[in-house]
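Beneath this line is the structure, given in structure tokens, with notes to follow.
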Amino acid sequence: MPELPEVETTLRGIEPYLLNQRITRVIVRQPKLRWPVPAHVCKAEGQRFVSLKRRGKYLLLSLEHGGLIIHLGMSGSLRILKQPLAPGKHDHIDVELDTGLCLRFNDPRRFGAFLWVDGDMESHELLRDLGPEPLSADFTTDYLYLRSRDRKTAIKNFIMNAHIVVGVGNIYASESLFMAGIHPQRAAGRVSKQRYEGLVAAIRDVLSRAIKQGGTSLRDFVNSDGAPGYFAQELLVYDRGGSDCFQCGAPVRQKVIGQRSSYYCPACQH
DNA sequence: CGAGGGACCTGGTTGC
DNA sequence: TGCAACCAGGTCCCTC
């Protein structure tokens, strides 16, 4: 269930248990993920974590020499086990620490990734060409407006493109477009600068609110097995097809755009 | 170069 | 109740 806020919450949840700790063993039970888990992940054994970062929806766990790139895909999760626990069906990877703790990677659909990087993490080809972080100062109205010129693709696809801006998933794309009053199918190149200003603000707002929520409701995410639907109360249009728009009362519409379910109010969004 | 669709997987829900 | 069809929070890769 990971969108950017959940990846950020996961990072904050695991960091205190991993930072400066030493890996004793990496156990790969199922190497068939989005890409095969490289045998090189064993290079992590004997090394300490020196920093943990998030880039888009990727988690970057830097070790003394090299590091791990983890992506949770559609259904992945990371948990800290404080004592040994027999692996369940989709518990694909364990990273054991000398503290006795274990970082366990679970991913039923196996769209996630668990990769080894020898050199600099940020220059890895998966990360090199990513757009700016939506909550950073680099993500500006001017930037988004400039990149959108002459683009015919639907604005929803445009903001979900990680080469434009990272971390805007299917839920928050619908949510931010509703907040900005922009129809999800409008061509990206046909949205005014003024409306991009509202969209940038909406994306920042919805993501930062969700991170705050994740920080409270998902505090025990790393200990338990997650809390599905934790932000459901906050959603304005997502998964509300047929229900009344909170703003005008018209029925919220559900439509497939770019092969993904999209939700919007046909009265409020143009 | 951009746009669009297929591909990768499992599991829960829906509908006949 | 059984079973098939459809849907799900991601994103790379191929074709046109």
Side-chain angles (χ1 to χ4, degrees), chain A residues 1-11 29-37 54-59 69-78 88-93 105-115 124-131 134 146-177 184-190 203 206-207 209-211 213-214 217-218 221 225-242 254-263:
Chain A
M1 323 169 174
E3 287 235 17
L4 183 145
E6 219 160 356
V7 178
E8 179 67 26
T9 301
T10 296
L11 172 67
R29 297 183 197 88
Q30 171 57 278
K32 291 179 187 169
L33 302 182
R34 178 74 160 82
W35 296 283
V37 178
R54 179 188 58 73
R55 178 76 177 98
K57 295 173 192 163
Y58 292 95
L59 289 167
I69 294 181
I70 299 174
H71 196 290
L72 301 177
M74 293 273 258
S75 58
S77 63
L78 287 170
K89 192 168 181 188
H90 302 292
D91 289 335
H92 305 314
I93 301 170
F105 177 84
N106 177 286
D107 185 9
R109 290 180 73 182
R110 290 194 268 129
F111 286 171
F114 198 102
L115 300 171
H124 189 277
E125 54 181 13
L126 283 172
L127 309 176
R128 205 177 41 206
D129 300 323
L130 292 177
L146 199 67
R147 294 292 307 266
S148 71
R149 292 307 88 186
D150 299 327
R151 291 278 194 132
K152 291 173 186 162
T153 198
I155 182 75
K156 177 161 181 274
N157 297 338
F158 180 68
I159 59 173
M160 287 179 68
N161 181 346
H163 295 290
I164 301 299
V165 57
V166 298
V168 181
N170 199 40
I171 293 175
Y172 297 114
S174 280
E175 292 295 298
S176 56
L177 287 167
Q185 267 187 317
R186 172 168 286 271
R190 298 199 52 208
I203 289 171
V206 75
L207 288 178
R209 275 191 297 119
I211 288 172
Q213 268 246 340
S217 331
L218 281 187
F221 181 68
D225 46 8
Y230 72 105
F231 48 62
Q233 308 92 326
E234 302 265 333
L235 297 177
L236 301 175
V237 284
Y238 186 82
D239 209 19
R240 295 196 63 245
Q254 173 178 12
K255 188 171 191 179
V256 174
I257 300 171
Q259 295 147 288
R260 308 297 300 276
S261 257
S262 309
Y263 300 84

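Chain identifiers are assigned alphabetically (A, B, ...) following the order of the sequence lines, protein sequences preceding nucleic acid strands; residue numbering begins at 1 within each chain. The figures here come from the full heavy-atom set of this structure, side chains too, leaving out hydrogens, waters and symmetry mates.
Protein atom CG of A/N161 is 11 Å distant from nucleotide atom C1' of B/dA3, rounded to whole Å. Across the protein-nucleic acid pair, A/Y172 atom OH and C/dT11 atom C1' stand 19 Å apart, rounded to whole Å. Between the NZ atom of A/K156 and the C1' atom of C/dT11 there is a distance of 14 Å, given to the nearest Å. Atom pair A/H163:NE2 and C/dT11:P shows a separation of 10 Å (rounding to whole Å applied). Rounded to an integer number of Å, the gap from CD1 of A/I257 to C1' of B/dA3 is 15 Å. Note: CD1 (A/I171) to C1' (C/dG10) measures 12 Å, nearest angstrom. Straight-line distance from the CG atom of A/L207 to the P atom of C/dG9: 16 Å, rounded to whole Å. Between the NZ atom of A/K57 and the P atom of C/dC12 there is a distance of 10 Å, given to the nearest Å.
Using a 4.0 Å heavy-atom distance criterion, A/F158 is classed as making no nucleic acid contact.
In this model, the phosphate group of C/dG10 is not approached by any side-chain N or O of A/S75 to a distance below 4.0 Å at OP1 or OP2. Distances shown here put every side-chain N or O of A/R151 at or beyond 4.0 Å from the OP1 or OP2 atom of B/dC1. Between C/dG10 and A/H71, no contact under 4.0 Å exists linking OP1 or OP2 to a side-chain N or O.
Counting only Watson-Crick or G-U wobble pairs whose defining distances are both under 3.5 Å, the stems of 3 or more consecutive pairs in DNA chain B are B:2-8 with C:10-16, B:10-16 with C:2-8.
Spacing of P atoms, B/dG5 relative to C/dC7, comes out at 16 Å, to the nearest Å. One P atom belongs to C/dG9, the other to B/dT14, and the distance between them is 15 Å to the nearest Å. Rounded to whole Å, the P atom of B/dG6 lies 14 Å from the corresponding atom of C/dC6.
The side chain of A/W35 lies closest to C/dC12, out of C/dC12, C/dG10, B/dG4. The listed nucleotides are C/dA8, C/dG9, B/dG4; the one nearest the side chain of A/Q254 is C/dA8.
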- Could you write nucleotides 7-12 of chain B as a row of B, S and -, 5' to 3', where a protein heavy atom under 4.0 Å of any base atom gives B, of only sugar-phosphate atoms gives S, and otherwise -? -BBBS-
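With hydrogens and angles ignored, the 3.5 Å screen pairs a side-chain donor or acceptor of A/S262 with a backbone N or O of A/R260. No donor-acceptor pair under 3.5 Å is formed between the side chain of A/S174 and the backbone N or O of A/I171. Side-chain N or O atoms of A/R190 include none that pairs as donor or acceptor with a backbone N or O of A/R186 at under 3.5 Å.
Between the side chain of A/E3 and the base of C/dG10, no donor-acceptor pair of N or O atoms lies under 3.5 Å.
Side-chain polar atoms of A/K156 and A/N170 form a donor-acceptor pair below 3.5 angstrom.
Taking the six-membered ring for Trp and thresholds of 30 and 60 degrees, A/H71 and A/Y58 have ring planes more than 60 degrees apart, a perpendicular arrangement.
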